[in-house]
2 protein chains.
Amino acid sequence: MARTARMSDVARLAGVSTMTVSRVLNRSAGVTAKLQQKVFAAVEQLHYQPNDLARSLREQRSHEIGIMVPYLFDPFFAICAHSISAVAKQHSYSVVLSTSDEDPKTEYEEVSRMLRRNVEGLIVIPSHAQAGDSLLLAPQFDRMPIVTLDRPVEGSGFDCLLVENEQGSKLGTEHLISMGHKRIAYIGLSDELYTMCMRHRGYENAMLGAGLRPAASICTSALEDALVKVRRLMSLKQRPTALFCANNLTTRHVLHGLQELGIYPPETIALVGFDDFETADLLRPGITVVRQPSELLGRTAANMLFKRMSESRKPTAGKRIVLPVELVVRGSCGALRRKPS
Amino acid sequence: MARTARMSDVARLAGVSTMTVSRVLNRSAGVTAKLQQKVFAAVEQLHYQPNDLARSLREQRSHEIGIMVPYLFDPFFAICAHSISAVAKQHSYSVVLSTSDEDPKTEYEEVSRMLRRNVEGLIVIPSHAQAGDSLLLAPQFDRMPIVTLDRPVEGSGFDCLLVENEQGSKLGTEHLISMGHKRIAYIGLSDELYTMCMRHRGYENAMLGAGLRPAASICTSALEDALVKVRRLMSLKQRPTALFCANNLTTRHVLHGLQELGIYPPETIALVGFDDFETADLLRPGITVVRQPSELLGRTAANMLFKRMSESRKPTAGKRIVLPVELVVRGSCGALRRKPS
DNA sequence: CTGTTAGCGCCTTCAG
DNA sequence: CTGAAGGCGCTAACAG
């Protein structure tokens, strides 16, 4: 009882060869009922569990996929990871998960580790990288089915699943414009992040299209920075009458900043945010958002990956799929001020 | 170029044996600088990556730990998973993650799969089970270092990390009592969940200790059920003047129910919730909560696991560690109504 | 229908 | 300091 049982232990106890045990466990055809019984009895008695590591090595299939996300405490990423995990479970695949903290080097190292573990495929929310600069362009990733989620890796042949960032941002901004706002400020994180860049662009296009002047504030992800930016904006002589926030983090930070000033949109200033969040409709008033289909995103990415994995390896060029977003109108944009009774 | 390079390919190209390659890659002492160079050159040329599966099989160490959580879209669980993952990264371990959806059978199957993959340790937030009934009590888990998080597995020898559920709940309830409330209702999920049972008990003790009559509503995790319960409570002749909600999901659902009725605590009714959440202080007024140290919980559990893994296997009885919670007073309990100016 | 042989890719052990 | 042999636990391919 010094160590865990091996297949040979089972075989010996059942009085058969390891091949017979293997066949019984893998439900391969053609083993006498009698022997099957003996094998099962021995398995039970020894609490035998097959060693999947050995099996994977032998079969050259790990039955694992890898997931790489920046953070797990961002609800958007967590939901993606959850739904990917659900699909993997359906396929009887294990999931190896890691977090990059948005650091390209960490991402590279962790993804490399997954490769060495022979994952059969990879879903990555790539960290920030200059175009053509991603460490994921290294040659060892060429032969691996990879789907990037939320952001592309420029210059790669990876499948890629995005949302309508630019279009959604335009939609949200135009909604504010349609309500008569002229001075609409944009608040987001660094444009080096693909999603931020696209959303910024959508905002600008909407503004320019309406003959208005865009004005963007770029924050770090620290709360304090957002607070400073909000204070400055609100103390302008010509202060904005509306804000467009580029993701759920920014939205929350900006709301904190406004709260500090005793301002609650749409009073004094209207607000629309990109990316829905759990309590957006519990705030008073509710926050109008451009909603991304997070759960569907994860599920779709996983399905794309399993499809790719089942193909006869001809990666040619990666597919690019863009999922639609939707405007969810709540109170913060001012649209519900006159309630129909 | 038909397949990925093996160590023997590197050896051949470098004109050495596989052992020399192995030694160079593992920085074992005693290889000529000249040969080292040759090996590195060959590695580079072939884009050679060692096969960790084979290494694990050979070394009987997978360098993997497993994490099992109910859901990843619950922020509490997601934060735990994130901090566990961070610690694992520090130790150069990979993380295999799965979700049980609170289903004991899924939990058992997924954890078993992890065992077969030879994870070296396991952190589990156990799904609901009657005492002594958990499938994790099966004999194959006896020899595996396991830390359970947030909830214990009764009758197991697993290490266990909890928070002061009962005490925290008592604290929150007593806070409401201290503000003069007599009719304080409890709203939580099924008492079959360990945390719920403990929090319910803490509430009851606080009530009985103050000579008050407890009144509990038990909801399912569906929003609709909570809405019904809230409506019923608020239509009572002797309706409660305060509510204690047992977790962040319940709190949010109850707030939705109250919002539907146009009620915003502490007006009409005061409210305290167990478990903090992202926007609790953005609501108007902010929600008073009993805060659990989610990030610390994950980190501590991971440290406990790595400690256990490094020990010379004498599991004796599992350790049980209980982390403190803290009351965060915001507006919803009514304590801030008279602001000192 | 069952068993034997061989090898997945790597590293420990022991020779040279 | 380097190499050859052997085996981690399993299964494909080929006997019998």
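Letters go in sequence order (proteins before strands), and every chain restarts at 1.
Contact annotation for T18(A): base contact, defined as any heavy-atom pair under 4.0 Å involving a base atom.
Atom P of nucleotide dG9(C) and atom CG of D9(B) are separated by 9 Å, given to the nearest angstrom. In this structure, N118(B) places its CG atom 9 Å from P of dC10(D), rounding to the nearest Å. The NZ atom of K38(B) sits 13 Å away from the C1' atom of dT2(D) (whole-angstrom rounding). In this structure, M7(A) atom CE and dG7(D) atom P are separated by 19 Å, rounded to whole Å. In this structure, NE2 of H63(B) is placed 15 Å from P of dC10(C), rounded to the nearest angstrom. The CG-P distance, from D52(B) to dC8(C), rounds to 18 Å in whole Å.
Taking R61(B) as the reference, E120(B) meet the salt bridge (Lys or Arg N to Asp or Glu O under 4.0 Å) condition, with sequence neighbours excluded. Remark: F73(A) engages Y71(A), H82(B) in a ring pair (Phe, Tyr, Trp, His ring centres under 6.0 Å) (not counting sequence neighbours). Here H63(B) pairs with Y93(B) under the ring pair (Phe, Tyr, Trp, His ring centres under 6.0 Å) rule; sequence neighbours left out.
For the side chain to side chain donor-acceptor pair (under 3.5 Å) criterion with E107(B), the lone passing option out of S112(B), S127(B), S98(B) is S127(B). Just one of K307(A), R308(A), K319(A) meets the salt bridge (Lys or Arg N to Asp or Glu O under 4.0 Å) condition when paired with D159(A); it is R308(A).
The bend of the helix from dC1(C)-dG16(D) to dG16(C)-dC1(D), defined by the angle between the axes of its first five and last five pairs, stands at 50° to the nearest 10°.
In this structure, K89(B) contributes its side chain and E110(A) its backbone to no donor-acceptor pair below 3.5 Å.
The side-chain heavy atoms of V24(A) and F40(A), taken from C-beta on, include a pair separated by under 4.5 Å. In this structure the side chain of L25(B) never reaches within 4.5 angstrom of the side chain of V10(B), judged on heavy atoms.
Taking the side chain of T32(A) as heavy atoms from C-beta on, and the options dC11(C), dT2(C), dT2(D), the nearest nucleotide is dT2(C). In the set dA4(D), dG3(C), dG9(D), the nucleotide with an atom closest to the side chain of R6(A) is dG9(D). Of the candidate nucleotides dT11(D), dG3(C), dT2(D), dT2(D) has the atom nearest to the side chain of T20(B).
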Could you go through nucleotides 12-16 of chain C and list every protein N or O atom that sits under 3.5 Å from one of its N or O atoms, giving the distance for each pair?
unit_1  : atom_1 : unit_2 : atom_2 : d
dT12(C) : O4'    : R58(B) : NH2    : 3.3

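Both L57(B) and L35(B) sit near DNA chain D, but only L35(B) has its closest nucleotide nearer the 5' end.
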What side-chain donor-acceptor pairs closer than 3.5 Å can you find for residues 13-20 of chain B, not counting sequence neighbours?
unit_1 : atom_1 : unit_2 : atom_2 : d
S17(B) : OG     : M19(B) : N      : 3.3
S17(B) : OG     : T20(B) : N      : 3.4

